Each structure stands twice: as structure tokens, then as C-alpha cells.
Amino acid sequence: MNYWLMKTEPSTFSIEDLAKAPRRTTHWDGVRNYQARNMLRDEMAKGDRVFLYHSSCAVPGIVGIARIARAGYPDHTQFDPKSDHYDPASRREAPRWYMVDVTLERRFPREITLETLRTHARGALDGLLLLRAGNRLSILPVTESQWNFILSLA
DNA sequence: GCCAACGTTGGC
DNA sequence: GCCAACGTTGGC
């Protein structure tokens, strides 16, 4: 079992939106970064656990937990000219972009803020990729010990 | 293959 | 809105 952190901008898609989705499940489309693509396509497995992170908002932080409900499969929005995520260079025979399905599992009563996480940057969360300066990946692996420590903060 | 220009991310 | 970080693009 692997652990991950997935970012979303709540103004676009928030944990409340996921809570309201049918079966609290959605496909996680729109990732257009090769490193993140490789994780979606090759590494994320059904049952993996995910921290949901709100970025680009007033109080960035981890807001809950989800589970991978379906492993990587082609992101259909890459073929849709009307989509913001349309990629005219991607071919159906060789899709460039992938997505997974995620199911909301738990919403934290209070989010674990980025500020809180930072206070442990030189301790239990040393090496957490989210805290690395300039990190821009929208999907990050989390170690089991990081996962357990962060959960203890919830 | 180099690298400058450009675009995006994301905290503040 | 600013700006640092960093990925991508494209000319050479």
C-alpha cells in the first residue's frame, strides 16, 4: 500500500465537492505534468490512501483523506477540444495523460494547515516533499511514517 | 544538446 | 498582485 498527497484548488474542486459527488467518488482529471502522470499511470494502486490538500487559497492545508478507487487510466479530457485540459498532440492510440478515481474517506474537522506542517519540517516531517521549497508537483508520494505522523495531528 | 524565453504553480 | 521556483518549448 502506498501513500500520497494530492493537491486541489478549492475554488476549482474542493473536498466539499467530493463529499457531494455520487458515491463520494470522482475522477481526478487534468493533471498535465509528466512526473505526476507517471505516478498516476504506473504507481498508484486501488486502495492506496491519499491526503487531500487545498492549495492556492486563504489557508492551505490537508483537509481529509481519500482512497484510490480505480488505478490509472487515460484522462478523457485530453481528447476534448472543449476542455481546458485539451491536448491536441495526444493520440488515442497512445494517450499522454492519465487519471485515477478517488473516493472520499474522511474529512478532518479542522484542516492540518501548511503552517502546522512546517513546524515539524525539521522533525518528524523532515523530507516531506510538500515542504520542499519550490515544490510544484500536484501529486506527491508520502512515506508511511510521514502519513502516520500527519494523521496524529488531525 | 544547450539555453533563453515563456508559462504555471502556489505561498504570501 | 508579486515573485521565486521550476517545467516546457523552440531556435540554434
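Everything numeric in this text was worked out from a predicted model, so none of it was measured.
- Among residue pairs with one or both ends in residues 119-131 of chain A, none qualify as salt bridge (Lys or Arg N to Asp or Glu O under 4.0 Å); sequence neighbours excluded.
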For residues 146-154 of chain A, tabulate all N or O donor-acceptor pairs below 3.5 Å that involve a side-chain atom, not counting sequence neighbours.
{"unit_1": "A/Gln146", "atom_1": "OE1", "unit_2": "A/Thr143", "atom_2": "N", "d": "2.9"}
{"unit_1": "A/Gln146", "atom_1": "OE1", "unit_2": "A/Thr143", "atom_2": "OG1", "d": "3.3"}
{"unit_1": "A/Asn148", "atom_1": "ND2", "unit_2": "A/Glu144", "atom_2": "O", "d": "3.3"}
{"unit_1": "A/Ser152", "atom_1": "OG", "unit_2": "A/Phe149", "atom_2": "O", "d": "2.5"}

Show the atom names and distances, to 0.1 Å, of all donor-acceptor pairs under 3.5 Å that link a side chain in residues 63-70 of chain A to residues at least two apart or in another chain.
{"unit_1": "A/Arg67", "atom_1": "NE", "unit_2": "A/Glu105", "atom_2": "OE1", "d": "2.7"}
{"unit_1": "A/Arg67", "atom_1": "NH1", "unit_2": "A/Gly47", "atom_2": "O", "d": "3.0"}

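- Pairs engaging residues 26-39 of chain A under the salt bridge (Lys or Arg N to Asp or Glu O under 4.0 Å) rule: A/Arg32-A/Asp75 [sequence neighbours left out].
- Among residue pairs with one or both ends in residues 76-97 of chain A, those qualifying as salt bridge (Lys or Arg N to Asp or Glu O under 4.0 Å) are A/Asp87-A/Arg96, A/Arg91-A/Glu93; sequence neighbours excluded.
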**Study point:** Contact state string [nucleotides 6-12 of chain B, B base, S sugar-phosphate only, - no protein heavy atom under 4.0 Å]
**Key:** -BBSBSS
